[in-house]
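First comes the structure, then the notes that go with it.
Letters A, B, ... are given to chains in the order of the sequence lines, protein chains preceding strands, and every chain is numbered from 1.
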Amino acid sequence: MSSRSFQAPTGTRDVLPPESARWRALIARFDALATLAGYGLVVGPMFEEVGVFQRVGESTDVVRKEMYDFEDKGGRHLALRPEGTASVVRAYVQHRPTPPWKVWYCAPSFRYERPQAGRYRQHHQLGVEALGAADPELDVEVVALARALYDAVGLVRVTLLLNSIGDAVCRPGYLDLLEAFLVVRNARLCGEHRLGARQNPLRVLDCKRPECRETTADAPRIVDHLCEACAHHFRGVQEGLSSLGVAFVLDARLVRGFDYYTRTAFEFQAEALESAQSTIGAGGRYDGLVEALGGPATPGVGFGIGIERVLLACDAEGVLPVPTTGVDVWVVDVTGTGAAGALAWALRRAGIAADRGFDARSMRAQMKLADRSGARLALIVGDEEQRSGTVSVRDLRAEGDQQVVARGEVVALVKELLA
RNA sequence: GUGGCCGUAGCUCAGCCCGGUUAGAGCGCCGCGUUGUGGUCGCGGAAGUCGGGGGUUCAAAUCCCCUCGGUCACCCCA
């Protein structure tokens, strides 16, 4: 008792059983959906050279002030991944798989920020990235895949917000327009944006304060100033979603946090979440990112879904209950002859989930464990069974149904009873 | 990074405002209720440096300060 104890670092948490079974269920559904759509799993490093992320988000807080960066023993400047896309794109540039390259991932992201409801310093994202095709139908597929996950877990109150933020051809001109609009009305913006409007005018549109909302109510909208190519692409996305029956709401104010987005930007909002963090998934197209990371000009589109937030939304809607897990059979052994281990493994080899107690506890105590485990059957080996080479098989759900069988026939009987 | 609220057994909490003998409850956990059998019930038990540090006081879980942690909001974002 001389040493103090430790706890998980601020903003991180342990996901333990039985709660963790829910995580597994969610991930398994995403795995299934992504696989059905032809996406392969990509597993990559949790950290990269800082440049990978810096090149990608110079103007976002996530990269500027929230990164966990450090120097390793070899003097390399590394950073824990603050988001998923940059790493995957780096992998694409490094390995040059044949496009179109469609992958999915489940990985932690790290951001140094003050934790609050639905916001952690380590959170986990399910995501996909599809590189090498500029087709709006790919945007549609990606968006529909995210939607499919929400459907699969039973979420109903989820709204898809959609916007196009143009590209290198049309956005600069629009930004000039917007800036001119804001400069004239600078005094009417909120304190936060009065000075910052020039740095990133798009941010002002995203501001939630009433001053900014009102002032920008009739601001020029990017969707009215898209170049023909972007406008055409955006129409394609909307038509594609509509024909698939994926409902969406156009939101001209929608801006993504990272610099690399072009054209399509989307966000899924959980209406059931009261907290400030109600975005349960977001993504978009990033046609300039591969080039920014040193690869050949390659279009791409993807999204990230926050596992913790989706689960909060599930709580709010009362869906995706924690799955009941546990073994089917519990082995009770008071002989101390190793019968418990032998029987448990015989069952496991036959594909039957089985567990047992340890520390030579009393029959009563072991029966209690069996009961608590939720197992359907208890196998009991006492002195009598030991002597006669048998096992008592007790049905824990019935009124005390118990039968005695020869050891060699236990597995067969258990199989029959569980069927 | 800024601000509000909170921090007592594994969990949920009472006690704190009006400082004072061995800090409580429920749940959970462990044991027992005779001969080898769980789920109900009964009895008993273990478990807390009252987040940590400092201060005030004869005396602090109770008052003050700092700190760490949690939570909520801003910012930002999944």
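Residue A:G118 is in base contact, counting any heavy-atom pair closer than 4.0 Å across all strands shown. As judged by a 4.0 angstrom heavy-atom cut-off over every strand, A:F303 is placed among residues making no nucleic acid contact. Among the protein residues, A:V334 comes within range of no part of the nucleic acid, since none of its heavy atoms lies under 4.0 Å from any strand. When heavy atoms are screened at a 4.0 angstrom cut-off, A:R372 is found touching the sugar-phosphate backbone but no base atom. At the heavy-atom level, A:A378 lies nowhere under 4.0 Å from the strands shown. Across all strands shown, A:A282 has heavy atoms under 4.0 Å from sugar-phosphate atoms exclusively, and none from any base.
Across the protein-nucleic acid pair, A:L377 atom CG and B:G39 atom C1' stand 15 Å apart, rounded to whole Å. Nucleotide B:U37 holds its P atom 10 Å from the CZ atom of A:R394, rounded to whole Å. Note: CD (A:E66) to P (B:C77) measures 8 Å, nearest angstrom. Computed from coordinates, the A:E384 CD to B:U35 C1' distance equals 11 Å when rounded to whole Å. Nucleotide B:A73 holds its C1' atom 9 Å from the CD atom of A:Q277, rounded to whole Å. If you take CG of A:L254 and C1' of B:C76, they are 15 Å apart, rounded to a whole angstrom. Put simply, CZ on A:F6 is 14 Å from P on B:G69, counting in whole angstrom units. Residue A:E308 contributes atom CD, which lies 13 Å from atom P of B:A78 at whole-angstrom precision.
Within residues 103-117 of chain A, the residues that have a heavy atom under 4.0 Å from RNA chain B are, in order of number, A:R111, A:E113, A:R114, A:Q116, A:A117. In the region residues 262-274 of chain A, proximity to RNA chain B at under 4.0 angstrom, judged on heavy atoms, holds for none of the residues. For residues 8-35 of chain A, proximity to RNA chain B is found at A:T10, A:G11, defined as any non-hydrogen atom under 4.0 angstrom from a strand atom.
In this structure, CD on A:E129 lies 8.5 Å from CG on A:L289, to the nearest 0.5 angstrom. Of the inter-residue distances, the one linking A:R397 atom CZ with A:R376 atom CZ reads 6.0 Å to the nearest 0.5 angstrom. Distance check, rounded to the nearest 0.5 Å: CZ of A:F47 to OG of A:S87 gives 11.0 Å. Atoms CG and CG, from A:L413 and A:L418 in turn, are 9.0 Å apart once rounded to the nearest 0.5 Å.
Residues A:D31 and A:T35 bring a donor and an acceptor atom of their side chains to less than 3.5 Å of each other. Side chains of A:R157 and A:Q269: a donor-acceptor N/O pair is absent below 3.5 angstrom, by distance only. When only modelled atom types and interatomic distance are considered, A:Y39 and A:E141 share a side-chain donor-acceptor pair under 3.5 Å.
Taking a pair to require two hydrogen-bonding distances under 3.5 Å in either a Watson-Crick or a G-U wobble arrangement, B:G1 pairs with B:C74. When both distances must be under 3.5 Å, the Watson-Crick or G-U wobble mate of B:G24 is B:C13.
Between A:L396 and A:I307, the residue whose closest nucleotide on RNA chain B is further toward the 5' end is A:L396. Residue whose closest nucleotide on RNA chain B sits further toward the 5' end, between A:E385 and A:I280: A:E385.
Residues A:V142 and A:A130 come closest through the heavy atom pair CG2-CB, 4.3 Å. Heavy-atom minimum distance, A:R171 versus A:T262: NH2-CG2, 3.9 Å. Nearest heavy-atom pair across A:I222 and A:G166 is CG1-N, 4.2 Å. Nearest heavy-atom pair, A:D135 versus A:H233, reported as atom, atom and distance to 0.1 Å: C-NE2, 4.1 Å.
Nucleotides B:G52 and B:G48, compared at atom C1', are 15 Å apart to the nearest Å. One P atom belongs to B:C76, the other to B:U57, and the distance between them is 49 Å to the nearest Å. Separating the P atom of B:U49 from that of B:U62 is a span of 16 Å, rounded to the nearest Å. For the C1' atoms, the distance from B:C68 to B:C32 is 43 Å, rounded to whole Å. The same atom, C1', is picked in B:A47 and in B:G31; the two are 15 Å apart, to the nearest Å. Separation of the P atoms belonging to B:A25 and B:G19 is 25 Å when rounded to the nearest angstrom. Across B:A61 and B:G53, the matching P atoms stand 12 Å from one another, rounded to whole Å. Across B:G36 and B:C13, the matching P atoms stand 44 Å from one another, rounded to whole Å.
Within 3.5 Å, no donor on the side chain of A:R364 pairs with an acceptor on the base of B:C30, nor the reverse. Residue side chain A:Q402 reaches the base of B:U37 through a donor-acceptor N/O pair under 3.5 Å, judged by distance alone. No donor-acceptor contact under 3.5 Å links the side chain of A:Q366 to the base of B:G36.
Each of A:V327, A:L347, A:D328, A:V331 was scored for a side-chain contact (heavy atoms from CB on, under 4.5 Å) with A:D355, with one residue passing: A:V327. The one candidate from A:L379, A:V332, A:V404 that meets the side-chain contact (heavy atoms from CB on, under 4.5 Å) condition with A:S392 is A:V404.
Residue A:R361 places its side chain closer to B:G31 than to any other of B:A78, B:C29, B:G31.
Aromatic ring pairs are classed by plane angle as parallel below 30°, tilted from 30° to 60° and perpendicular above 60°; the pair A:F266 and A:F303 is perpendicular.
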